[in-house]
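One structure is given here, and the rest of the page talks about it.
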Amino acid sequence: MWTLLLVGWMLLPGCWALTGPEEIRGYVGGSLSVRCDYGKSYTDYTKFWCKKRYFVGLCSDYLYIEIPSSRLMKTKGRVSIADDRRQLFFTASIVNLTEEDSGPYQCGLRVTGWSGWHEVKVTVFPGEFLICFLAP
Ligand SMILES: *[C@@H]1O[C@H](CO)[C@@H](O)[C@H](O)[C@H]1NC(C)=O
């Protein structure tokens with residue numbers, strides 16, 4: 001039974017194509033970056049990073065960014081993405097964070113007819129001064 005489940009899971013490309021942190025934190029006005037590692041066979045796929053809308057499995061446009069396989073870097077407003085194909089990871093960054101940036105995100109891979117992603121929870125705290133109270 002468990003073996004069958006495991007085999008089924010391994011056959012779903014999205015489940016193992018990509019790994020990354022479960023959660024990442026930042027502060028209002030600061031920045032954060034997320035590293036997502038992918039398998040060697042995904043080098044030429046389009047990479048994307050986006051924010052999921054609440055309750056819907058779709059990504060919202062204002063924080064959606066992707067790089068086609070022909071590019072290594074792209075910036076759109078406060079969001080950027082950079083691909084390191086030699087070391088098989090891409091890094092997604094957000095600068096000038098606001099509390100509204102908190103929420104579930106996806107770093108993903110796409111090719112015609114298929115996409116796979118890893119979900120990352122982003123939490124933006126009100127201010128860095130909190131560190132003084134939490135970790136004196
Ligand atoms: C981030 O904020 C700084 C200071 O307000 C501003 O100069 C800069 O253009 C902002 N960067 C982006 C990408 O919005």
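The figures that follow rest on heavy atoms only: side chains count, while hydrogens, waters and symmetry mates do not. None of the values given here were measured: they were computed from a predicted structure. Counting starts at 1 for both ligands and their atoms, in listed order.
Every residue two or more places apart in sequence or in another chain was checked for a ring pair (Phe, Tyr, Trp, His ring centres under 6.0 Å) with Phe89, and none qualifies. In terms of the side chain to side chain contact (heavy atoms under 4.5 Å, CB included) criterion, residue partners of Ser31 (sequence neighbours excluded) are, by chain and number, Val95. By the side chain to side chain contact (heavy atoms under 4.5 Å, CB included) test, Ser33 is found to be paired with Thr91, Ser93, residues two or more places apart in sequence or in another chain being considered.
Taking the six-membered ring wherever Trp is involved, the centroid distance between the rings of Trp114 and Tyr45 falls below 6.0 Å.
At least one donor-acceptor pair closer than 3.5 Å links the side chain of Lys76 to the backbone N or O of Tyr64.
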Using a cut-off of under 3.5 Å, which N/O atoms of ligand 1 pair up with protein N/O atoms, and what distance separates each pair?
unit_1   : atom_1 : unit_2 : atom_2 : d
ligand 1 : 2 (O)  : Asn96  : OD1    : 3.2
ligand 1 : 2 (O)  : Asn96  : ND2    : 2.2
ligand 1 : 11 (N) : Asn96  : ND2    : 3.0
ligand 1 : 14 (O) : Asn96  : ND2    : 3.4

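The environment of NZ in Lys121 is sparse: at most 12 heavy-atom neighbours from other residues, nucleotides or ligands sit within 6.0 Å.
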